[in-house]
Amino acid sequence: MPFEPLDQYLQRKKKLAEIEALGEDPFPHRFHQSATPTEIVSAHGSQDAGALDTQHVTVSTAGRILTLRLHGKAGFAHIQGGGARLQIYVKLDVVGERAFRLFQLLDIGDVIGISGRLFRTKTNELTVWVERLTLLAKSLLPLPEKWHGLADVEVRYRQRYLDLIANARAREIFERRALILRTLRAYFDARGYIEVETPMMQTIAGGAAARPFVTHHNTFDMSLYLRIAPELYLKRLVVGGLDRVYEINRNFRNEGVSTEHNPEFTMLEFYQAYSDYRDLMTLTEDLFAHLATTICGSTVVKYGEHTIDLGKWQRLSMREAIASYWPAGAAPAPTAAELASREGPRAAAERFNSWVRARAQRGSSEAGAPQAPLAGIEKMTHGELTGLLFETVAEPKLIQPTLLYDFPTDISPLSKCRDDDPSLAERFEVYIAGLELGNAFSELNDAEEQERRFREQVERGGEEAPREVDMDYVRALAYGLPPTAGMGIGIDRLTMLLTDAHSIREVILFPLLRPERAASMSSMSASPEEISAAESGNIIPASQREAGSSETEAHPADTKTPLDWRRANDSGQIKTGPGE
RNA sequence: GGGCCGGUAGCUCAAUGGUAGAGCAGCUGACUCUUAAUCAGCGGGUUGCAGGUUCGAGUCCUGCCCGGCUCACCA
């Protein structure tokens, strides 16, 4: 099926036919590389012309053509392979007439194999003096334009392959993401953890407060949820004697998307028996410093305008954080003691709201300040209010690495509480650059207390509360879970931090996007006249194309791709009109 | 879902309400060390979609679609 831009697609089809007429196979099965362009550049990039000549280095390599400069009976091109670019020089009297004719029929985007010797041009660029040239794959669609590269954010995400070809930074981000994963695995493997995989499809979606995705299993005729967290399964494993486990895998939460949220995201969770959250604070500081030095070469990393030292941490209680980041206009700032008191958080939240409302009336808007008052505070518990105040007032301000501790117990249903104050949980979160990167606590291992908290959640209800109590988990605890500490780290956000990326979509290869519109998809298919024209090598000008196929163009949704269109409608993925 | 910004040739972008343009990419030709190659010529558009105002709309109005940012949602 031809794709747009049709004229260029057909033009390239025509060249393909000419190449076949030369007796060349446009899609040969194999080609032997002695080295990739990247390897050649790193091995010989520093050798001067004299050294290259005396050593007479011959190479056989392959890659995608990114630039092409023909000069009559010779020409230059750059090929890209393994991430680096290498220039090649093709001369008629070296490669012969047939190969040179092939060279003239090549387009930017074609994949070729070449062999020859290395030399340096007049301008001292490392270049292959091509002796043999083979087409390895014909490209039928033009690559993004060479000056500006690929800038359209939507195309970069939808057609990530183009982003990876055109933007070196895209490739670097995902290479670095792989390095982060390797480093994490090595770190935990070296400390006696075993990596495990637990169910992604669960009958009860637990371990976090989030709306799950629902699916259906045919044979058992039952609903299944895509997991929102692996937590409850990993702790079952600790009950089973796997004292140190970790899992790196996807979680799914049926929520909105933002620069920090994708509905599926990758999470590291690890648990270690005979430990508590203090041990994990120490581990966190060590782990982040280790990651930064391994991946960025220093504990100091740049994130946008900020310079962040992952070797220096502050520890702050949630109440201290609220008190110290309280906006000046909403004075007086609550004290930690006030926030600890029975009505303290509510009074502070009301003070905050009246400030926001008054400011809205004055019409003043300070940069970065919230525009809407806190919603739903009437129904919130003491702990929920504290958590909300923290997120509103302090979280965006936590740029330097911070371990935030003393979470309210009533927003921490899976944590042990402090011995000296049952309203506070033995829990902390990791904040860096205003991002929430990690969440850790001493795991609640009292089965009866856990069951009580679960029942309370179910009774309180709400969209994000579990529908039923996971009694098998409670039963597992009843067999005895050693004192255990556990932690989750968001891999996507961690990658953002270590690659200076400011949207989660930059670090996820294929982030969730709204589906492409049916109408625009149908424009990618061509009419029968166009296809036969393509086969005969004739190109129909757009003006005639339009006239010749106007009947079918008039209702593309009905006539071109009826199945796709109806399917999209049935599933409600595409909005078809007002009022939906 | 709300607010703000945007959608013009394949790409990056122009165009007081008055004939839709440029560069790159593409095509033809010239050119045996170029690299944003150069030179000469050619083709390429339902200005996101649908209405409205107007003698006349890329431009103004309304609705919708799509994207980005942001707020809300999201421990």
Side-chain angles (χ1 to χ4, degrees), chain A residues 3-12 14-15 66-78 85 87-94 100 107-109 119-125 127 129 141-155 157-158 162 166 208-211 228-229 253-263 368-376 383-384 387-388 390-391 395 407-408 410-415 425 427 429 436 439 441 463-464 488 502-503 505 513-517 519-520 539 541-543 546 550 553 574-580:
Chain A
F3 292 92
E4 296 288 352
L6 189 65
D7 57 339
Q8 300 199 24
Y9 186 91
L10 296 179
Q11 186 61 47
R12 286 175 180 228
K14 204 170 131 190
K15 287 182 177 179
L66 288 189
T67 67
L68 205 48
R69 294 176 293 282
L70 272 77
H71 300 270
K73 299 187 176 64
F76 289 89
H78 279 102
R85 295 180 180 197
Q87 182 169 259
I88 66 170
Y89 181 50
V90 181
K91 244 160 80 95
L92 170 61
D93 50 17
V94 175
F100 197 77
D107 287 298
I108 289 172
F119 76 110
R120 283 192 183 272
T121 60
K122 279 203 310 210
T123 53
N124 206 35
E125 178 164 348
T127 303
W129 181 274
L141 289 168
L143 289 184
E145 195 250 359
K146 70 183 176 190
W147 282 16
H148 307 87
L150 179 60
D152 185 318
V153 179
E154 186 182 354
V155 177
Y157 297 156
R158 285 197 196 280
L162 294 180
R211 278 184 289 175
I228 56 175
R253 298 187 183 176
N254 207 336
E255 292 160 358
V257 298
S258 76
T259 47
E260 291 167 35
H261 297 84
N262 194 64
Q371 289 153 9
L374 306 173
E384 287 169 334
L388 181 63
F390 164 74
E391 282 169 28
E395 181 177 318
F407 275 67
D410 53 0
I411 56 171
S412 310
L414 297 159
S415 307
R427 171 179 174 192
E429 287 192 344
E436 179 196 330
N439 180 20
F441 38 89
E463 285 199 308
E464 281 145 20
H502 295 167
S503 166
R505 294 178 174 193
L513 302 176
R514 215 176 285 271
E516 286 186 78
R517 274 181 302 169
S520 77
I539 297 172
S543 51
E546 197 187 358
S550 60
E553 294 276 358
I574 294 181
K575 295 183 179 175
T576 52
E580 286 190 65

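On a predicted model such as this, the values are computed, not experimentally measured, just so you know. To find a chain, count down the sequence lines: A is the first, B the second, and so on, and within it residues start at 1.
Applying the ring pair (Phe, Tyr, Trp, His ring centres under 6.0 Å) criterion to A:H502, with sequence neighbours excluded, gives A:Y303. Under the rule for a side chain to side chain donor-acceptor pair (under 3.5 Å), the partners of A:D410 that lie at least two apart in sequence or sit in another chain are A:T381. Applying the side chain to side chain contact (heavy atoms under 4.5 Å, CB included) rule to A:I88 yields the partners A:A77, A:I79, A:V90, A:I112, A:I114, A:V128, A:V130; only residues at least two apart in sequence or on another chain are considered. The side chain to side chain donor-acceptor pair (under 3.5 Å) test applied to A:E125 returns A:H78, not counting sequence neighbours. With sequence neighbours left out, the side chain to side chain donor-acceptor pair (under 3.5 Å) criterion links A:T259 to no other residue. Under the ring pair (Phe, Tyr, Trp, His ring centres under 6.0 Å) criterion, A:F407 pairs with no residue at all, not counting sequence neighbours. Scored by the side chain to side chain donor-acceptor pair (under 3.5 Å) test, A:Y157 finds A:E506 as partners (sequence neighbours excluded).
Rounded to whole Å, the distance from CG on A:L68 to C1' on B:C27 is 14 Å. Distance CD1 (A:I108) to P (B:A25): 7 Å, rounded to an integer number of Å. We find that OH of A:Y9 is positioned 18 Å from P of B:C11, with the value rounded to whole Å. What separates CD of A:E255 from P of B:A72 is a distance of 15 Å, to the nearest Å. One atom, CZ of A:R12, and another, P of B:A25, lie 12 Å apart when rounded to the nearest Å.
Atom CZ of A:R120 sits in a crowded spot, with more than 12 heavy atoms from other residues, nucleotides or ligands closer than 6.0 Å.
Side-chain atoms of A:K122 lie closest to B:C33 of the nucleotides B:C33, B:G68, B:A75. Minimum atom distance to the side chain of A:T121 is reached by B:C33, of the listed B:A75, B:G26, B:C33. Checking B:C33, B:C27, B:A75 against the side-chain heavy atoms of A:F119 singles out B:C33 as nearest.
No contact: A:P408 has no heavy atom under 4.0 Å from any strand. Within 4.0 Å (heavy atoms only), A:E391 reaches sugar-phosphate atoms of the nucleic acid but no base atom. Residue A:F390 is classed as having no contact, given no heavy-atom separation below 4.0 Å to the nucleic acid.
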Protein-nucleotides 29-32 of chain B N/O pairs under 3.5 Å:
residue, atom, partner, partner atom, Å
B:C31, N3, A:G72, N, 3.1
B:C31, N4, A:G72, N, 3.2
B:U32, OP2, A:K73, N, 3.4
B:U32, O2, A:K91, NZ, 2.8
B:U32, N3, A:D93, OD2, 3.1
B:U32, O4, A:D93, OD2, 3.1

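For the OP1/OP2 pair of B:G67 and a distance below 4.0 Å, the side-chain nitrogens and oxygens of A:R158 include at least one atom meeting the criterion. Taking side-chain N and O atoms only, A:R69 has no distance below 4.0 Å to OP1 or OP2 of B:U34. Checking the phosphate oxygens (OP1, OP2) of B:U70, no side-chain nitrogen or oxygen of A:S258 falls inside 4.0 Å.
Between B:G48 and B:C66, the distance separating the two P atoms is 16 Å to the nearest Å.
Note on ring orientation: taking the six-membered ring where Trp is involved, the planes of A:H71 and A:F76 are perpendicular (angle over 60°, cut-offs 30° and 60°).
Secondary-structure annotation of RNA chain B gives the stems B:1-7 with B:65-71, B:10-13 with B:21-24, B:26-30 with B:38-42, B:48-52 with B:60-64, with a stem taken as at least 3 successive Watson-Crick or G-U pairs whose two distances both fall under 3.5 Å.
In the interface, the side chain of A:E125 is not paired with the base of B:U34 through any donor and acceptor atom under 3.5 Å apart.
For the pair A:N124 and A:K15, nearest-nucleotide mapping onto RNA chain B gives the more 5' position to A:K15.
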